[in-house]
Amino acid sequence: MVRAMLMLHTSDWHLGRSLHRADLRAAQAAFLDHLVATVRTEKIDVVLVAGDVYDRAVPPVHAVELCEDALLRLHATGARIVLISGNHDSARRLGFGGGLLDKAGVHLRTRVATLARPVLLEDAHGPVAVYGVPYLEPDAVRDELPSASDPASDPASDPASDPASDPASDPASDPASEPASEPASEPASEPASEPASEPASAQPVPRGHAGVLGHAVRCIQADAEARGVRRRVVMAHGWVSGGAVSDSERDITVGGVGQVPAELFAGFSYVALGHLHGQQTLARHLRYSGSPLPYSFSEAAHHKGSWLVELDAQGTKRAERVPAPVYRRLSVLRGRLPDLLGSAAYARYAGDFVSVALTDAARPEGAMDALRARFPHILVLTFEPEGAVPDRRGYRAILAGRDDLAIAAEFVRHVRNAPATGGEQHLLARAFEAVRAHEQAED
């Protein structure tokens, strides 16, 4: 039996991120331990990391150390690693030393100009070209996109066209020695195999995410055609139509439009997507791995994991979900404070990260301290009284005709959903009198 190529698709690690100030370092380290163990056990050939390695452009030191350790251990398994930058990453910082790491089989694809230069792999079925497309901020990258004007555009002269070469000694692994891509020339609606009629550089790149990513895909298809490679894998970071969003993704819309059509990726053997945090399948060959941890309570019901993808001679043979370890569950609770504190039904949430919405008629005093005694990992507390009717009036209308004391008393009612008591009214009146007396003394 001919062994097919095995790929492990992961993304959106967001190293350095917290959850409502809860430290997630241990959870992220546990996931990376699981990832390394999976690569070793399953004998993975290549690990695809589809962006947002870090949570911010300048990550904390502990996040950098965690990433370095993970890459070293993944490399030690014998697998190749291809990693792209996402919208949370600093592409230049993440890509530092990429030319040297290429020689070791760790391929950092963070430069826009080289997105059509593949990492070439091979199995018993022949070559596989893996193209890493970093996150493309439309207006920022238009002038950096590859074009036919690059003088070194002949793939036949590229040492990387020998996929059997050792990455430790292959000069093609150094971006400085690689040729530029042969960009595509056909419109996006034409099949990738059609001959070029006009160089990609001659076509104005449309504005927006669909424009720049469409141009990138055409360049990639043209390069693969020139190399004669049939099995093509693309990594990209963005919002593809049909993908479900959550609250923890950073908005990347431009002019109100952030999605790109799924049809853009037709004809590829596999497309490893990053950015959306839910693991999901848009088509057999088109998938989001999602984040390995939930980074918002909107993801409480998500099943986190990676994709183990097997490529045969025709393309994607199978994609199997590899569940990620659950460090601590996320639970969203709603109810009256006495019920949440006293009912046995809530005992199973004691070890979870918890978000609570109180529905008591009036806001209870000391609610957070009381809840923390039962739910030590409570992170969010809101007050949503049952039956409360929101006041639709504007701010001016609410204040019209009211004196200072009436406005302060209304604020108490708004916050607590119960009117100020007589004692509270008296206390507020004395406070206003003291302020007025102080102002008169200064005059």
Side-chain angles (χ1 to χ4, degrees), residues 1-13 15 28-53 66-84 101-109 118-132 163-168 170 173 229 231-236 268-274 279 281 284-293 303-325:
M1 178 182 293
V2 176
R3 183 183 185 278
M5 181 170 293
L6 292 179
M7 308 185 298
L8 191 65
H9 168 198
T10 177
S11 73
D12 294 274
W13 296 351
L15 301 180
Q28 292 171 335
F31 166 73
L32 293 173
D33 289 343
H34 151 81
L35 193 72
V36 172
T38 300
V39 171
R40 182 179 292 111
T41 301
E42 299 292 341
K43 297 180 173 57
I44 299 296
D45 296 298
V46 58
V47 180
L48 310 176
V49 187
D52 281 355
V53 176
L66 197 58
C67 181
E68 180 186 34
D69 177 70
L71 293 179
L72 284 170
R73 290 189 292 150
L74 287 170
H75 175 262
T77 67
R80 302 278 283 275
I81 304 159
V82 187
L83 181 153
I84 65 173
L101 290 173
D102 257 343
K103 297 177 183 297
V106 179
H107 309 282
L108 308 181
R109 292 301 185 252
V119 175
L120 287 168
L121 310 173
E122 185 161 331
D123 61 10
H125 298 295
V128 175
V130 179
Y131 294 90
S165 61
D166 182 355
D170 183 3
S173 61
V229 179
R231 293 186 296 168
R232 307 160 188 179
V233 174
V234 171
M235 303 166 62
F268 288 105
S269 300
Y270 186 74
V271 181
L273 295 172
Q279 188 175 25
T281 301
R284 178 179 173 81
H285 72 296
L286 185 63
R287 298 170 187 262
Y288 281 100
S289 66
S291 61
L293 302 174
H303 298 287
K304 300 297 187 179
S306 310
W307 290 112
L308 193 159
V309 181
E310 181 179 356
L311 287 186
D312 62 12
Q314 306 305 317
T316 300
K317 181 179 180 181
R318 68 181 175 98
E320 175 185 329
R321 182 177 174 271
V322 181

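In this structure, T316 OG1 and L311 CG are separated by 5.5 Å, a value rounded to the nearest 0.5 Å. Rounded to the nearest 0.5 angstrom, R40 CZ and K43 NZ are separated by 11.0 Å. The CD atom of E42 lies 5.5 Å from the CG atom of L308; values are rounded to the nearest 0.5 Å. Rounding to the nearest 0.5 Å places CZ of R73 at 7.0 Å from CG of L32. A distance of 11.0 Å separates CG of L83 from NE2 of H107, quoted to the nearest 0.5 Å.
Shortest non-hydrogen contact noted between A79 and V46 is CB-N, 4.5 Å. Across every non-hydrogen atom of A324 and P292, the tightest pair is CB-O, 3.9 Å. The shortest non-hydrogen separation linking A50 to A236 is CB-O, 4.2 Å.
Inter-residue side-chain proximity for V322 and H34 is flagged as met; some heavy-atom pair is nearer than 4.5 Å. Within the 4.5 Å cutoff, side-chain heavy atoms of R109 are placed close to those of D102. Within the 4.5 Å cutoff, the side chain of H9 has heavy atoms near those of the Y270 side chain. Counting only heavy atoms from C-beta outward, the side chains of I44 and T77 never approach each other to under 4.5 Å. Looking at S291 and K304, their side chains come closer than 4.5 Å, going by heavy atoms from C-beta outward. The shortest distance between side-chain heavy atoms of M7 and V233 falls below 4.5 Å. Two residues are said to be in side-chain contact when any heavy atoms from C-beta on lie closer than 4.5 Å; V82 and V47 fail this criterion. W13 has its side chain out of reach of L66: every pair of non-hydrogen atoms, C-beta onward, lies at least 4.5 Å apart.
Applying the salt bridge (charged side-chain N to carboxylate O under 4.0 Å, His left out) test between D123 and each of R231, K317, R80 identifies R231 as the sole match. Screening D12, L15, I84 for a side chain to side chain contact (heavy atoms under 4.5 Å, CB included) involving D52 leaves a single residue, D12.
No side-chain donor-acceptor contact under 3.5 Å links H285 to the backbone of G315. Between the side chain of S289 and the main chain of S11, a donor-acceptor pair closer than 3.5 Å is present. In this structure, the side chain of D45 engages the main chain of L6 through a donor-acceptor pair within 3.5 Å.
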Original post:
What do the steps show when you test W307 against Q279 for side chain to side chain contact (heavy atoms under 4.5 Å, CB included), and what is the final call?
Top reply: CA-CA 9 Å; W307 290 112; Q279 188 175 25; 3.4 Å; yes
**OP:** Take V309 and L48 through the side chain to side chain contact (heavy atoms under 4.5 Å, CB included) test and state the conclusion after the steps.
**Re:** CA-CA 10 Å; V309 181; L48 310 176; over 6 Å; no
Subject >> Residue pair V128, S269: steps toward the side chain to side chain contact (heavy atoms under 4.5 Å, CB included) verdict >> reply: CA-CA 9 Å; V128 175; S269 300; over 6 Å; no
**OP:** I would like to know whether T38 and S306 meet side chain to side chain contact (heavy atoms under 4.5 Å, CB included); could you show each step before the answer?
**Re:** CA-CA 10 Å; T38 300; S306 310; over 6 Å; no
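With respect to D312 and R318, no salt bridge is recorded, no charged nitrogen being found less than 4.0 Å from a carboxylate O.
Residues passing the ring pair (Phe, Tyr, Trp, His ring centres under 6.0 Å) test with Y288, sequence neighbours excluded: none.
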